[in-house]
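In the text below, chain A, chain B and the rest are named by the order of the sequence lines, each starting its count at 1. Heavy atoms only: backbone and side chains are in, while hydrogens, waters and symmetry mates are out.
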Amino acid sequence: MTLDQIKPGNGGTITAVRGEGALRRRLLDMGLTPKTKVFVKKTAPMGDPIELALRGYMLSIRKDDAANIEIEVTADDTSATGISG
Amino acid sequence: MTQALLALAGNQNSGKTTLFNVLTGSNQHVGNFPGVTVEKKVGQIKALKEAALVDLPGIYSLSPYTNEEIVTRDFILKEHPQLIINIVDATNIERNLYLTLQLMELQVPMIIALNMMDEVIQSGNSIDTERLSKELGIEIIPISAAHKQGINELIRAIKKMLKQPQAIPKPDFCTGEVHRALHAIAHIIEDHAKQNEYPLRFAATKLVEGDQVMQEALQLHEDDIHIIEEIVRSMEHALSTDREAALADMRYSYIEAICNDSVCRLQETYSQQRSEKIDRWLTHKYLGIPIFIGIMLTIFYITFSVVGGVLQEWLEIGIEAFSEQFSLLLSNMHVSTWLHELLINGVCSGVGSVLSFLPIIVILFFFLSLLEDSGYMARVAFVMDRSLRKIGLSGRSFVPMLIGFGCSVPAIMATRTLSSERDRKMTILLTPFMSCSAKLPIYGMITAAFFPSHTAIILVSVYLLGILVAIISGFLLKKTVFQGECVPFVMELPAYRIPAAKSVILHMWDKAKDFLHRAFTVIFAASILIWFLQSFDWQLHYLNDSSQSILASIGSMLAQILAPLGFNDWRAATALISGITAKESVVSTLSVLTQGNDAMLTQALPQIFTPLSAYSFLAFTVLYMPCIAAFAATKRELCSWREALLTAAYQTTAAYIVALLIYQIGSLFL
């Protein structure tokens, strides 16, 4: 499943970051690397972009771009807040 | 003694500007990096007179994709600063250290200023700075830039480093396949790196990452490029991932490992917890947008009606009184009429009318700094992003465009905070389509004369027309001039913080200085030019009656070009030209040229316009190039006369086409 499909309030672990060029590099640079836990905080009022919590900070990306990020949801991810730990 | 050059580098929102202001005080000046519109601030460190500090743009990485990142690496590689001060946000240490690792590859002596340590400790978390320092091999000074803690220690460390520079250890985060690839590539490019003065390790890493800019800079042979590609391919194959992911992953893994040992993070810091609470309202699903509109309306109300309006009036009165006294003085000195006129009607009234914008600009930038420094601007971008995406912009452009409804000058100046050059250029071009408040007298004049019973509809239609043209232009530009990949919208939502008074005041001062500088250069020159054209004929005779002037004859020529738009009249054309000095002078010029006062203007206008051509004239005034003050701001922000002139040409062409369509299509029906 991809990150754009995760409902606000849930999270998972990144397994792959697809795409290419500047966007992909930017996502990687911002810490969206494989094995990273990421948590979807909320959706913007107009339904896009989304707010993520990862590595102890908040990041906003568009849903189209989030669709490049493969996520694996495991049982303990659903309770993770992403911000601590 | 020659001055030492220091560079301040760090992530956005890491408190970099606050630290810069603390270290340099008001002792700084702002410019642009050569060739690009990336802001470059240079200051003298207060306690260290022999050192100049350059505030590099806030960046997250040293990738070759954004101007800010390229500027940073070029600056460090080409200007050879003696020392990098790397500011790291302790509350967000993992992502901040990602840049640190890349800076280390540049092999320039470095100190880490670990900012917001007070917040980490207050929240019951901790960072073992000694241990972390040992792991990285770089001195770490815990500071709090906002509370001026640790600054003396930082300055002492800087002094020590300048006296006895410590070499940077080679970061040892690379293992296995990547290490092998780096080693092999380093071997191939060693001579090229030395010749072109690049640190070997940095150059090799960039080549592994597939960095085109570096590949060209090193002037490698075809064969070498081929071999390097092979090495990287086999690395990718062995790791079963690609080059960029491999390195990012490795850096972050290394950071995680060292942070595990030295960072104890039990909970979110207080400001992070507070931010979450504030965001429950400010980015709320239903309340987010209304709250944003409310905030902007309040800012507009205070800026244009309450404080700014009053100050502007006072300033106008002051300028008028000054020019009266000055005029009296000139009369007493018996200077010739033309010089008198030049100084009073050219210089004083030209520069004066522009100067009266100053209070509005200062107050608007006071609020803008608050929005930016508090962290709310990122939320605006988050909330409004979707509305601008279709025309190829991001939510970041929303605020400058909105300010455009007040005044294009601060709106264009506000685009400085946009992180992408493409977005900035496009926003600068589209913002003047937002009808500014100085155009209101024109709408008032036309509606009073032609549409007295439909004022509201006409006004709304004119504003909508501007927005519509901006949207269409956005689509057009996205498909043509600004083609290509737009800079991705991947934006940090920083924790809300109380803005530092010093930063806000310095920001206001910067913008005021910038504006004053332009008022006395570009705008000054333009005022004199327009005055000259208005006061002399082609034989350079000084005139009392401007209907014989050069401007009027240019107006007559222009009138023929404007004829298809419905206003084949030299007075209308002349008014449009003088509207370039300031939009409200369209009204005063028309009133002078129809030899009447404002009251008689209403009666005189039907000699020039029909209702249809009056509306076409309105459409033209909304869209054509902005006033000289806004044009000067455009030139300043674009850093190029050519691009500024092209922008003005585009806007004027758009105005021509729209007015033409309105008049010609309208003529079929009316």
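- For B:Ser387, the parts lying under 4.5 angstrom from a heavy atom of chain A are both the backbone and the side chain.
- Counting only heavy atoms from C-beta outward, the side chains of A:Arg55 and B:Cys259 never approach each other to under 4.5 Å.
- For B:Tyr98, the part lying near chain A is the side chain, with the backbone staying farther off; criterion is any non-hydrogen pair under 4.5 Å.
- In this structure, CD on B:Gln102 lies 6.0 Å from CG on A:Asp29, to the nearest 0.5 angstrom.
- A salt bridge between A:Arg24 and B:Asp242 is present, with a side-chain N of the basic residue lying under 4.0 Å from a carboxylate O of the acidic one.
- Counting heavy-atom pairs closer than 4.5 Å to chain B, the top-ranked of the candidates A:Pro34, A:Pro45, A:Gly47 is A:Pro45.
- For the pair A:Met58/B:Pro494, no side-chain contact is recorded, criterion being any heavy-atom separation below 4.5 Å from C-beta on.
- B:Ile289 has its side chain within reach of A:Met46: a pair of non-hydrogen atoms, C-beta onward, lies under 4.5 Å apart.
- The candidate from B:Met491, B:Glu256, B:Arg389, B:Arg386 with the greatest count of non-hydrogen atom pairs under 4.5 Å with chain A is B:Arg389.
- With a threshold of 4.5 angstrom between heavy atoms, A:Ile50 approaches chain B through N, CA, C or O but not through any side-chain atom.
- Counting only distance, with no hydrogens or angles, the side chain of B:Tyr252 and the backbone of A:Gly31 share a donor-acceptor pair below 3.5 Å.
- Closest heavy-atom contact between B:Phe489 and A:Ser60: CE2-OG, 3.5 Å.
- The closest side-chain heavy-atom distance from B:Val490 to A:Leu23 is below 4.5 Å.
- Between chain B and the options A:Leu59, A:Ile61, A:Asp65, heavy-atom pairs under 4.5 Å are most frequent for A:Leu59.
- Using modelled atom types, one side-chain atom of B:Gln272 and one backbone atom of A:Gly56 make a donor-acceptor pair closer than 3.5 Å.
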Query - Worked verdict on B:Leu493 versus A:Lys41 for side chain to side chain contact (heavy atoms under 4.5 Å, CB included) - result: CA-CA 12 Å; B:Leu493 293 167; A:Lys41 303 282 291 183; over 6 Å; no
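- Looking at B:Asp279, both its backbone and its side chain come within 4.5 Å of chain A, counting heavy atoms on both sides.
- A salt bridge links A:Lys35 to B:Asp249: one of the charged nitrogens lies within less than 4.0 Å of a carboxylate oxygen.
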Query raised in the report: So B:Glu209 and A:Arg25, side chain to side chain contact (heavy atoms under 4.5 Å, CB included) or not? Walk me through it.
Result: CA-CA 10 Å; B:Glu209 283 177 312; A:Arg25 176 64 190 265; 3.1 Å; yes
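- Contact annotation: the side chain of B:Pro488 never approaches that of A:Arg62 to less than 4.5 Å [non-hydrogen atoms, C-beta and beyond].
- In this structure, B:Arg95 satisfies the cation-pi test against A:Tyr57, with its NZ or CZ atom closer than 6.0 Å to the six-membered ring centre and inside 45 degrees of the ring normal.
- Residue contact with chain A, scored on non-hydrogen atoms closer than 4.5 Å, is absent for B:Thr269.
- Between chain B and the residues A:Met30, A:Glu51, A:Arg26, the most heavy-atom pairs under 4.5 angstrom are made by A:Met30.
- Contacts of B:Arg243 with chain A are absent, with no heavy-atom separation under 4.5 Å from either backbone or side chain.
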